[in-house]
Amino acid sequence: SHLADLAASLTRDMDQLLGELKAPERLVAAMRHAMLAGGKRLRPVLVLETTHLLASGTHAKTQLPPGAAQVAMAIECIHTYSLIHDDLPCMDDDDLRRGQPTVHKAFDEATAILAGDGLQTLAFELVSTCGHPKTAMMVRDLARASGADGMVGGQMLDLAAEGRFGPATEIKDTFALAAMQAMKTGALIEVACTLGGHLALAPQEQMQNVARFGQSL
(Lines give C-alpha, C1' and ligand atoms only; values in the text may rest on other atoms or scores of the structure.)
Protein backbone atom coordinates (compact mmCIF):
# COMPACT_ATOMS: atom_id res chain seq x y z
CA SER A 1 0.00 0.00 0.00
CA HIS A 2 0.98 3.64 -0.30
CA LEU A 3 1.45 4.12 3.45
CA ALA A 4 3.49 0.93 3.78
CA ASP A 5 5.73 2.08 0.92
CA LEU A 6 6.20 5.45 2.61
CA ALA A 7 7.10 3.80 5.91
CA ALA A 8 9.59 1.50 4.18
CA SER A 9 11.18 4.43 2.37
CA LEU A 10 11.52 6.35 5.64
CA THR A 11 13.15 3.34 7.29
CA ARG A 12 15.70 3.11 4.46
CA ASP A 13 16.46 6.83 4.79
CA MET A 14 16.95 6.51 8.55
CA ASP A 15 19.16 3.47 8.08
CA GLN A 16 21.39 5.47 5.74
CA LEU A 17 21.37 8.51 8.04
CA LEU A 18 22.46 6.52 11.09
CA GLY A 19 25.08 4.72 9.03
CA GLU A 20 26.71 8.07 8.24
CA LEU A 21 27.09 9.13 11.88
CA LYS A 22 30.68 9.54 13.07
CA ALA A 23 29.96 8.52 16.66
CA PRO A 24 31.08 5.72 19.00
CA GLU A 25 30.09 2.36 17.55
CA ARG A 26 28.13 1.23 20.60
CA LEU A 27 26.12 4.45 20.69
CA VAL A 28 25.21 4.20 17.00
CA ALA A 29 24.29 0.53 17.44
CA ALA A 30 21.88 1.44 20.25
CA MET A 31 20.33 4.24 18.20
CA ARG A 32 19.90 1.87 15.25
CA HIS A 33 18.40 -0.79 17.52
CA ALA A 34 15.65 1.62 18.52
CA MET A 35 15.08 3.41 15.22
CA LEU A 36 15.04 0.39 12.91
CA ALA A 37 13.02 -1.99 15.10
CA GLY A 38 9.81 -1.40 13.16
CA GLY A 39 6.78 0.71 13.98
CA LYS A 40 4.05 2.36 11.94
CA ARG A 41 6.02 5.56 11.19
CA LEU A 42 2.74 7.41 11.78
CA ARG A 43 4.29 10.78 12.64
CA PRO A 44 6.70 11.08 9.69
CA VAL A 45 4.01 9.79 7.32
CA LEU A 46 1.69 12.53 8.60
CA VAL A 47 4.41 15.10 7.86
CA LEU A 48 4.82 13.90 4.28
CA GLU A 49 1.14 13.32 3.52
CA THR A 50 0.12 16.73 4.92
CA THR A 51 2.86 18.33 2.84
CA HIS A 52 1.65 16.51 -0.30
CA LEU A 53 -1.96 17.45 0.30
CA LEU A 54 -1.37 21.14 0.96
CA ALA A 55 1.33 21.62 -1.66
CA SER A 56 -0.73 20.13 -4.47
CA GLY A 57 -4.31 20.66 -3.32
CA THR A 58 -4.99 17.00 -4.11
CA HIS A 59 -3.70 13.55 -3.22
CA ALA A 60 -1.90 13.41 -6.55
CA LYS A 61 1.85 13.03 -6.51
CA THR A 62 3.74 16.28 -6.31
CA GLN A 63 7.36 17.18 -5.78
CA LEU A 64 8.13 17.47 -2.09
CA PRO A 65 9.67 20.79 -1.02
CA PRO A 66 13.30 20.91 0.13
CA GLY A 67 13.91 19.39 3.52
CA ALA A 68 10.66 17.41 3.79
CA ALA A 69 12.40 14.06 4.22
CA GLN A 70 14.71 15.52 6.86
CA VAL A 71 11.81 16.96 8.84
CA ALA A 72 9.94 13.64 8.62
CA MET A 73 12.99 11.78 9.94
CA ALA A 74 13.41 14.36 12.68
CA ILE A 75 10.00 13.75 14.19
CA GLU A 76 10.61 10.00 14.16
CA CYS A 77 13.90 10.64 16.00
CA ILE A 78 11.99 12.56 18.67
CA HIS A 79 9.35 9.84 18.96
CA THR A 80 11.97 7.08 19.20
CA TYR A 81 14.03 8.93 21.80
CA SER A 82 10.88 9.28 23.90
CA LEU A 83 10.25 5.53 23.68
CA ILE A 84 13.81 4.72 24.77
CA HIS A 85 13.51 6.96 27.83
CA ASP A 86 9.93 5.84 28.55
CA ASP A 87 11.12 2.22 28.73
CA LEU A 88 13.86 2.92 31.29
CA PRO A 89 13.62 1.36 34.78
CA CYS A 90 13.08 4.82 36.30
CA MET A 91 10.09 5.37 34.00
CA ASP A 92 7.87 2.47 32.84
CA ASP A 93 10.55 -0.24 33.24
CA ASP A 94 9.68 -2.21 30.10
CA ASP A 95 11.71 -5.17 28.84
CA LEU A 96 10.24 -5.35 25.33
CA ARG A 97 9.43 -2.82 22.64
CA ARG A 98 8.01 -3.87 19.26
CA GLY A 99 8.80 -7.48 20.10
CA GLN A 100 12.48 -6.82 20.77
CA PRO A 101 14.47 -6.12 23.95
CA THR A 102 14.30 -2.46 24.91
CA VAL A 103 17.52 -0.51 24.49
CA HIS A 104 18.52 -0.64 28.15
CA LYS A 105 18.04 -4.43 28.06
CA ALA A 106 19.89 -4.95 24.78
CA PHE A 107 22.72 -2.65 25.90
CA ASP A 108 22.62 -0.94 29.31
CA GLU A 109 20.90 2.02 31.00
CA ALA A 110 23.65 4.55 30.39
CA THR A 111 23.84 3.67 26.69
CA ALA A 112 20.05 3.86 26.42
CA ILE A 113 19.97 7.34 27.94
CA LEU A 114 22.73 8.53 25.62
CA ALA A 115 21.06 6.92 22.59
CA GLY A 116 17.88 8.85 23.41
CA ASP A 117 19.86 12.04 23.87
CA GLY A 118 21.62 11.46 20.56
CA LEU A 119 18.35 10.99 18.68
CA GLN A 120 16.78 14.06 20.26
CA THR A 121 19.65 16.33 19.27
CA LEU A 122 19.90 14.71 15.82
CA ALA A 123 16.26 15.67 15.27
CA PHE A 124 17.00 19.35 15.71
CA GLU A 125 20.11 19.11 13.55
CA LEU A 126 17.96 17.63 10.78
CA VAL A 127 15.33 20.37 10.97
CA SER A 128 17.78 23.24 11.39
CA THR A 129 19.76 22.20 8.30
CA CYS A 130 16.82 21.33 6.05
CA GLY A 131 17.18 24.49 3.95
CA HIS A 132 13.50 25.47 4.04
CA PRO A 133 12.30 29.09 4.44
CA LYS A 134 10.14 28.09 7.46
CA THR A 135 13.03 26.37 9.26
CA ALA A 136 12.95 28.59 12.35
CA MET A 137 9.21 28.07 12.81
CA MET A 138 9.57 24.31 12.43
CA VAL A 139 12.35 24.18 15.03
CA ARG A 140 10.19 26.23 17.40
CA ASP A 141 7.08 24.11 16.92
CA LEU A 142 8.93 20.81 17.29
CA ALA A 143 10.65 22.04 20.46
CA ARG A 144 7.35 23.13 22.00
CA ALA A 145 5.57 19.90 21.11
CA SER A 146 8.32 17.68 22.47
CA GLY A 147 9.28 19.76 25.52
CA ALA A 148 7.90 20.70 28.93
CA ASP A 149 4.65 22.10 27.51
CA GLY A 150 4.12 18.98 25.40
CA MET A 151 5.42 15.43 25.42
CA VAL A 152 7.85 15.75 28.34
CA GLY A 153 5.28 17.53 30.49
CA GLY A 154 2.70 14.87 29.65
CA GLN A 155 5.08 12.15 30.76
CA MET A 156 5.58 13.99 34.06
CA LEU A 157 1.82 14.10 34.62
CA ASP A 158 1.60 10.39 33.79
CA LEU A 159 4.28 9.53 36.37
CA ALA A 160 2.54 11.69 38.98
CA ALA A 161 -0.71 9.85 38.30
CA GLU A 162 1.10 6.60 39.08
CA GLY A 163 2.20 7.91 42.49
CA ARG A 164 5.90 8.27 41.70
CA PHE A 165 6.29 11.46 43.74
CA GLY A 166 3.90 10.78 46.60
CA PRO A 167 0.27 9.66 46.77
CA ALA A 168 -1.06 8.76 43.36
CA THR A 169 -2.92 11.65 41.76
CA GLU A 170 -5.41 9.42 39.95
CA ILE A 171 -6.81 11.20 36.94
CA LYS A 172 -10.56 10.73 37.31
CA ASP A 173 -11.67 13.83 35.49
CA THR A 174 -12.20 13.25 31.76
CA PHE A 175 -10.84 16.68 30.87
CA ALA A 176 -7.70 16.17 32.99
CA LEU A 177 -7.08 12.81 31.32
CA ALA A 178 -7.57 14.34 27.88
CA ALA A 179 -5.15 17.15 28.76
CA MET A 180 -2.48 14.65 29.83
CA GLN A 181 -2.93 12.59 26.67
CA ALA A 182 -2.90 15.73 24.52
CA MET A 183 0.51 16.61 25.96
CA LYS A 184 2.14 13.17 26.13
CA THR A 185 0.95 11.76 22.79
CA GLY A 186 -1.20 14.30 21.02
CA ALA A 187 1.28 17.17 20.83
CA LEU A 188 3.69 15.24 18.62
CA ILE A 189 0.88 14.05 16.34
CA GLU A 190 -0.45 17.60 16.01
CA VAL A 191 2.98 19.01 15.22
CA ALA A 192 3.52 16.33 12.56
CA CYS A 193 0.58 17.90 10.73
CA THR A 194 1.64 21.50 11.28
CA LEU A 195 5.20 20.72 10.15
CA GLY A 196 3.67 19.51 6.90
CA GLY A 197 1.80 22.79 6.68
CA HIS A 198 5.01 24.77 7.12
CA LEU A 199 6.77 22.67 4.49
CA ALA A 200 3.92 23.34 2.04
CA LEU A 201 4.00 27.08 2.85
CA ALA A 202 0.33 26.83 3.77
CA PRO A 203 -1.59 30.03 4.58
CA GLN A 204 -2.74 30.71 8.14
CA GLU A 205 -6.26 29.35 7.69
CA GLN A 206 -4.91 26.03 6.41
CA MET A 207 -2.40 25.91 9.27
CA GLN A 208 -5.26 26.25 11.74
CA ASN A 209 -7.19 23.50 9.97
CA VAL A 210 -4.30 21.01 9.99
CA ALA A 211 -3.64 21.80 13.65
CA ARG A 212 -7.27 21.00 14.48
CA PHE A 213 -7.02 17.80 12.46
CA GLY A 214 -3.91 16.77 14.40
CA GLN A 215 -5.60 17.53 17.72
CA SER A 216 -8.64 15.48 16.76
CA LEU A 217 -6.52 12.57 15.54
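Remember, predicted model here, so these are calculated numbers, not experimental data.
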Heavy atoms only: give me the nearest [X]-[Y] pair and the separation to one decimal.
{"X": "Cys130", "Y": "Met138", "result": "SG-CE, 3.8 Å"}
{"X": "Ile84", "Y": "Ala112", "result": "CG2-O, 3.2 Å"}
{"X": "Val152", "Y": "Ser146", "result": "CG2-O, 3.1 Å"}
{"X": "Val139", "Y": "Phe124", "result": "O-CE2, 3.9 Å"}

Could you check whether atom CE of Met207 has more than 12 heavy atoms from other residues, nucleotides or ligands sitting under 6.0 Å from it?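 Yes, CE of Met207 has more than 12 neighbouring heavy atoms, counting only those of other groups under 6.0 Å.
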Under 6.0 Å from the CD atom of Glu20, do we count more than 12 heavy atoms belonging to anything else shown?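 Check passes, neighbour count above 12.
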So [Y] and [X], do their side chains get closer than 4.5 Å, heavy atoms only?
{"X": "Leu159", "Y": "Met91", "value": "yes"}
{"X": "Pro89", "Y": "His104", "value": "yes"}
{"X": "Leu201", "Y": "Leu54", "value": "no"}
{"X": "Leu48", "Y": "Leu199", "value": "no"}
{"X": "Ile189", "Y": "Leu46", "value": "yes"}
{"X": "Asp87", "Y": "Asp95", "value": "no"}
{"X": "Cys90", "Y": "His85", "value": "no"}
{"X": "His198", "Y": "Val71", "value": "no"}

Rounded to the nearest 0.5 Å, what separation is found between the [atom1] atom of [X] and the [atom2] atom of [Y]?
{"X": "Leu195", "Y": "Leu188", "atom1": "CG", "atom2": "CG", "value": "8.5 Å"}
{"X": "Leu126", "Y": "Leu17", "atom1": "CG", "atom2": "CG", "value": "5.5 Å"}
{"X": "Glu190", "Y": "Asp141", "atom1": "CD", "atom2": "CG", "value": "9.0 Å"}
{"X": "Arg12", "Y": "Leu36", "atom1": "CZ", "atom2": "CG", "value": "12.5 Å"}
{"X": "Asp158", "Y": "Thr185", "atom1": "CG", "atom2": "OG1", "value": "8.5 Å"}
{"X": "Thr80", "Y": "Met73", "atom1": "OG1", "atom2": "CE", "value": "12.5 Å"}

Between [X] and [Y], does at least one N-O distance fall below 4.0 Å, as a salt bridge requires?
{"X": "Arg144", "Y": "Asp149", "result": "no"}
{"X": "Asp108", "Y": "Arg26", "result": "yes"}
{"X": "Lys105", "Y": "Asp94", "result": "no"}
{"X": "Glu76", "Y": "Arg43", "result": "no"}

Criterion side chain to side chain contact (heavy atoms under 4.5 Å, CB included) on Val191 and Val47, from CA distance to verdict: CA-CA 8 Å; Val191 82; Val47 172; over 6 Å; no
Check the hydrophobic clustering (I, L, V, M, F, W, Y; side-chain heavy atoms under 4.5 Å; chains of links allowed) and say if Met151 and Leu42 are grouped together.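 Cluster IDs for Met151 and Leu42 differ.
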Out of curiosity, does Leu27 fall in the hydrophobic cluster containing Leu18 (side-chain heavy atoms, cut-off under 4.5 Å, transitive links)?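 Hydrophobic grouping puts Leu18 with Leu27.
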Check the pair Arg41, Leu6 against side chain to side chain contact (heavy atoms under 4.5 Å, CB included), reporting the backbone distance first and the verdict last. CA-CA 9 Å; Arg41 311 299 185 201; Leu6 264 184; over 6 Å; no
Tell me yes or no: between the side chains of His2 and Glu49, is some donor less than 3.5 Å from an acceptor?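 Judged by distance alone, the side chains do pair up.
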Okay, side chain of Thr194, backbone of Gly197: is any donor-acceptor separation there less than 3.5 Å?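 No; zero donor-acceptor contacts below 3.5 Å.
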